[in-house]
Amino acid sequence: MVRTASASVAAGPTLAVVAREAGVSVPTASKVVNGREDVAPETRRRVTEALDRLGYVRRPRFDAAKAPRLVDLVVHSLESSWSGAVLHGVEDAAHDAGLEVVVSAALIRSRVGRPERGWLDKLVARGSSGVLFNLAELSDSQYAWLEQHRIPFVMIDPVQEPPEGVVSVGAANWQGGLTATEHLLSLGHERIAVIAGPRRTMCSSARVAGYRSALASAGVRHRAEYVRHAGFDESVAHRRMLELLDLPEPPTAVFVCSDRMALGVYEALSERGLGVPDDMSVVGFDDLPEARWASPALTTVRQPLSEMAATALRSLLRMMDGHRPESTRTELSTRLVERASTAGPRAQEVLPAAP
């Protein structure tokens, strides 16, 4: 709120004005306002009369015990709808719990294997009671620093397997990969590729494992050339789709391990004059708003991002109260959301490779 001059006047006189009116020092006037006993009766009377005459408004004293507890949320980026869903979940749960939240966009990288002192010191200085890390990758020294300072923390969808005993919340990624692939198999596809995230990420490895399990259960041969890895962005996924199209026997369907990556796949198919789903069925993962906006609307696996964030905050709250969660890993279920990007293979002919 913008504060105007008239608003300042309406707020009443300052303590310095009251002190001048009563003919005492500001510290003495402050003692009277705060109920201190080390003030002479006559002095107290003059200050009290000045307070009443000038209409001084006594502000309530700050009570730390009654102040809302503070938690930090460290997100990978504030620019994506993925982070927006996480923020929404944390905000709702924090409001219900009477917590205040400080949001940081990406944890500052550590230097020479040591925690970034600036961010960590600020964490202690502002009195945060706990931390939620979303898609963060912490160093061993940062984990040790948090443990040393007895700051409870929970990981939301950690990039890598966290150390033993670290509490984390994520989605059932293996089940999601299985469900996506089973959907394509049920439509009659057998040449199914997967464009996954980085190899070392927990979620990517689990989704690929689910994909392979579905193929094996259906008796469909796994083809190593059909498994491609990329970053979780459109540009690299675009290149990986072009590589798949250039194979001697390209796939007729592709499971893409994020909705953002699926947009890059759409672009690659359009460049080759291929349609979705007529020439290529596409399944994404996340169910971000982009999945509904795509043309055609993207069939995808929904992971409950807001629910994951809210669950993580509730776990953190219990830890802040001195309770240890029964399990260090919580996985929320995923489900397939069918839209217009998948259909049965038009024919099993080999799609033409680029000249």
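In what follows, residues are counted from 1 in the order of the sequence shown.
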Aromatic ring pairing Phe133/Phe153, orientation class (parallel under 30°, perpendicular over 60°, tilted between): perpendicular
Heavy-atom donor-acceptor pair, Tyr211 side chain to Val227 backbone, under 3.5 Å: no
Which atom of Leu316 lies closest to which atom of Gly130, heavy atoms considered: CD2-C, 3.9 Å
Electrostatic pair Glu331-Arg329, nearest N-O below 4.0 angstrom: yes
Atom pair CH2 (Trp145) and CG (Leu138), whose distance is rounded to the nearest 0.5 Å: 11.5 Å
Any side-chain donor near an acceptor of the partner, Ser306 and His88, under 3.5 Å: no
Short side-chain to backbone donor-acceptor contact, Thr48 and Arg44, under 3.5 Å: yes
For Arg302, the option from Leu336, Val337, Thr334, Leu288 that meets side-chain contact (heavy atoms from CB on, under 4.5 Å): Val337
Inter- and intrachain pairs under salt bridge (Lys or Arg N to Asp or Glu O under 4.0 Å), touching residues 309-328, at least two apart: Arg69-Asp321
Within-4.5 Å side-chain heavy-atom neighbours: Val74 and Asn134: no
Heavy-atom donor-acceptor pair, Ser270 side chain to Tyr266 backbone, under 3.5 Å: no
From CA spacing to verdict: side chain to side chain contact (heavy atoms under 4.5 Å, CB included), Leu242, Arg272: CA-CA 9 Å; Leu242 293 178; Arg272 293 290 177 87; 3.8 Å; yes
Nearest heavy atoms of His229 and Pro198, plus distance in Å: ND1-C, 4.1 Å
Polar side-chain atom of Arg339 near backbone of Ala297 as donor-acceptor pair, under 3.5 Å: no
Under 3.5 Å donor-acceptor, Ser168 side chain and Pro158 backbone: no
Side chains of Asp286 and Ser258, donor plus acceptor under 3.5 Å: no
N/O donor-acceptor pair under 3.5 Å between Ser81 side chain and Gly84 backbone: no
Flag, side chain of Asp96 to backbone of Ala94, donor-acceptor distance under 3.5 Å: no
Hphob cluster co-occupancy, Val90 + Val167, side-chain heavy atoms under 4.5 angstrom: yes
Heavy-atom check, side chain of Met241 versus side chain of Val254, under 4.5 Å: yes
Parallel, tilted or perpendicular, as decided by the 30° and 60° cut-offs, for the rings of Phe285 and Phe255: tilted
Flag side-chain contact, heavy atom, 4.5 Å: Glu290 against Leu263: yes
Residue pairs involving residues 198-213 (criterion salt bridge (Lys or Arg N to Asp or Glu O under 4.0 Å); sequence neighbours excluded): Glu137-Arg200
Donor-acceptor under 3.5 Å (His189 side chain, Ala343 main chain): yes
Residue pair Ala214 / Leu185: nearest heavy atoms and the distance that separates them: O-CD1, 3.6 Å
Ser128 vs Val71 side-chain heavy atoms within contact, under 4.5 Å: no
Partners meeting side chain to side chain contact (heavy atoms under 4.5 Å, CB included) with Ser333 (sequence neighbours left out): none
Pairs involving residues 228-239, ordered by first then second residue, that meet salt bridge (Lys or Arg N to Asp or Glu O under 4.0 Å) (sequence neighbours left out): Arg228-Glu243, Glu234-Arg260
Side-chain donor or acceptor of Thr311 paired with backbone N/O of Glu307 under 3.5 Å: yes
Shortest non-hydrogen contact from Thr299 toward Ala340: OG1-N, 4.1 Å
Presence of salt bridge, Arg46 and Glu21, under 4.0 angstrom: no
Taking every non-hydrogen atom, the tightest pair across Leu244 and Ala193: CD1-CB, 3.8 Å
Side-chain cluster (under 4.5 Å, hydrophobic types only) that Trp174 belongs to, other residues: Leu178
Reported OH-to-CG distance for the pair Tyr226 and Leu215, which is rounded to 0.5 angstrom: 11.0 Å
Qualifying salt bridge (Lys or Arg N to Asp or Glu O under 4.0 Å) pairs with a residue from residues 170-185, counting only residues at least two apart or across chains: none
Asp287 versus Thr300, side-chain donor and acceptor atoms under 3.5 Å: no
Joint cluster assignment, Met308 & Met319, ILVMFWY side-chain distance < 4.5 Å: yes
Backbone of Gln175 reached by a side-chain donor or acceptor of Thr179 within 3.5 Å: yes
Note, Leu70 side chain near Val102 side chain (heavy atom, < 4.5 Å): yes
Validation row: Met155, Val166 side chains within 4.5 angstrom (heavy atoms): yes
Val86/Asp157 under side chain to side chain contact (heavy atoms under 4.5 Å, CB included): CA gap, chis, key distance, verdict: CA-CA 11 Å; Val86 169; Asp157 202 15; over 6 Å; no
Connected via hydrophobic side-chain network under 4.5 Å: Val154 and Val103: yes
Distance-only donor-acceptor check, side chains Thr342 and His183, under 3.5 Å: yes
